[in-house]
Amino acid sequence: MRADRSGVLRVDKPEGPTSHDVVARARRALGIRRIGHTGTLDPFASGLLLLAVGAATRLAEYLTRLPKTYRATARLGVTTDTADRTGAELEVSEAWRELSGERIAEAFRAQTGTIRQRPPAFSAKKVAGERAYTRARRGEEVALEPVPVTIWRLEILAIQPPDVHFEVECSSGTYVRAIARDAGAALGVGAHLTMLRRTRIGPHDVADAVALDRLEDAAAVRRAWLAPADAVAHLPRVAVDAAAATALAHGRTLPAPADAAAGTPIAVVRNHELVAIAERDDGRLRPRKVLGRE
């Protein structure tokens, strides 16, 4: 791969490495330094990571905000300090044996909608400029304020007590670990997450991703590669000619289409190449991110 290539690479992260480890592997395999991920996965989790490469790193904010879909398994009866299987056990209960399947399912489904969710103490949220997990690892008490998140869909796939298998489609910033934690608390038995796999980010599916151990396979990387215009295909789109593309590249504005919503990011393309991300401002398309050839 040429060192000046720009785009988004879909990677299937295995359990174990951190998201930063995946970025480091991609930098070595592709020979490109300018790579960043668009949303972390915990080390124990697997699934889809979108890596922004080259000039496409400017698009990260439009990918980070996309809805996420996960498959997960929660284990009832054991509470851990991290709300997942990597943490230390805090409490153990056998009371899950007395729960009906319907009551268990309802405790999970009750979290559907826009809710206020308290992030786990072992999370990347910052407290006074420091990551919460750093404080938690020092044994400090970490009390994070609940934040609004949206869970559009939570489907129970199977209940095999004490395990509950479910699929969730949620907004960026939602902690699936917290869903398990809060369901366990509502049931009075505690719970933690034992498996987490991200299957989709917006329209992008893990089935189209390259496995981490195949990053040196040029053909596999090409199949998992997205051109910048394809990476932001979820955004409204405006096609322009060469003169308009040049004007945007130099920071000038263009007349906005009548149906362009104010404040909404718009992908501006020429011959299917992404020229810029623009927004309507006082009847004009104003460039916010310009993608030059790098």
Peer 1: Could you tell me which residues satisfy salt bridge (Lys or Arg N to Asp or Glu O under 4.0 Å) with Arg97, sequence neighbours excluded, listed by chain and number?
Peer 2: Glu94
Peer 1: Identify all side-chain donor-acceptor contacts of residues 248-257 below 3.5 Å with residues at least two apart in sequence or on another chain.
Peer 2:
{"residue": "His250", "atom": "ND1", "partner": "Thr246", "partner atom": "O", "Å": "2.8"}
{"residue": "Thr253", "atom": "OG1", "partner": "Arg284", "partner atom": "NE", "Å": "3.0"}
{"residue": "Thr253", "atom": "OG1", "partner": "Arg284", "partner atom": "NH2", "Å": "3.2"}

Peer 1: Which class fits the ring pair His204 and His234: parallel under 30°, tilted 30 to 60°, perpendicular over 60°?
Peer 2: perpendicular
Peer 1: With sequence neighbours left out, what residues match Arg25 under side-chain hydrogen bond (donor to acceptor under 3.5 Å, both in side chains)?
Peer 2: none
Peer 1: Whether Arg181 and Asp81 form a salt bridge (side-chain N of Lys/Arg under 4.0 Å from carboxylate O of Asp/Glu) is what I want to check.
Peer 2: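 So Asp81 does not pair with Arg181 through a salt bridge.
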Peer 1: Taking only residues at least two apart or on different chains, which pairs with a member in residues 159-171 satisfy side chain to side chain donor-acceptor pair (under 3.5 Å)?
Peer 2: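 Residue pairs passing side chain to side chain donor-acceptor pair (under 3.5 Å), neighbours aside: Arg71-Glu167, Thr73-His165, Arg75-Asp163, Arg153-Glu167, Gln160-His165, Ser171-Thr174.
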Peer 1: Under the rule for salt bridge (Lys or Arg N to Asp or Glu O under 4.0 Å), what residues qualify as partners of Arg109, not counting sequence neighbours?
Peer 2: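 Partners of Arg109 by the salt bridge (Lys or Arg N to Asp or Glu O under 4.0 Å) criterion, ordered by chain and then number, come out as Glu102.
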Peer 1: Could you give all pairs that pass the ring-ring contact (aromatic ring centres under 6.0 Å, His included) test and reach residues 34-70, with sequence neighbours left out?
Peer 2: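 Only His20-His37 qualify under ring-ring contact (aromatic ring centres under 6.0 Å, His included).
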Peer 1: List the residues meeting salt bridge (Lys or Arg N to Asp or Glu O under 4.0 Å) with Asp182, not counting sequence neighbours, and say none if there are none.
Peer 2: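 Result, salt bridge (Lys or Arg N to Asp or Glu O under 4.0 Å) vs Asp182: none returned.
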Peer 1: Taking side-chain hydrogen bond (donor to acceptor under 3.5 Å, both in side chains) as the test, write out the residues that go with Arg270, two or more places apart.
Peer 2: none
Peer 1: Under the salt bridge (charged side-chain N to carboxylate O under 4.0 Å, His left out) definition, can you give me all pairs with a residue in residues 214-226, not counting sequence neighbours?
Peer 2: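 Checked against salt bridge (charged side-chain N to carboxylate O under 4.0 Å, His left out) - neighbours excluded - the pairs reaching residues 214-226 are Arg214-Asp217.
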Peer 1: Side chains of Ile151 and Val168: closer than 4.5 Å at any heavy-atom pair?
Peer 2: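 Heavy-atom side-chain distance check passes, below 4.5 Å.
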Peer 1: Applying side-chain contact (heavy atoms from CB on, under 4.5 Å), name anything that partners Ser172, two or more places apart in sequence or on another chain.
Peer 2: Thr64, Lys68
Peer 1: Please name all residues satisfying side-chain hydrogen bond (donor to acceptor under 3.5 Å, both in side chains) with Asp230, sequence neighbours left out, ordered by chain then number.
Peer 2: His272
Peer 1: Run the salt bridge (Lys or Arg N to Asp or Glu O under 4.0 Å) test against Glu15 and tell me which residues pass, sequence neighbours left out.
Peer 2: Arg85
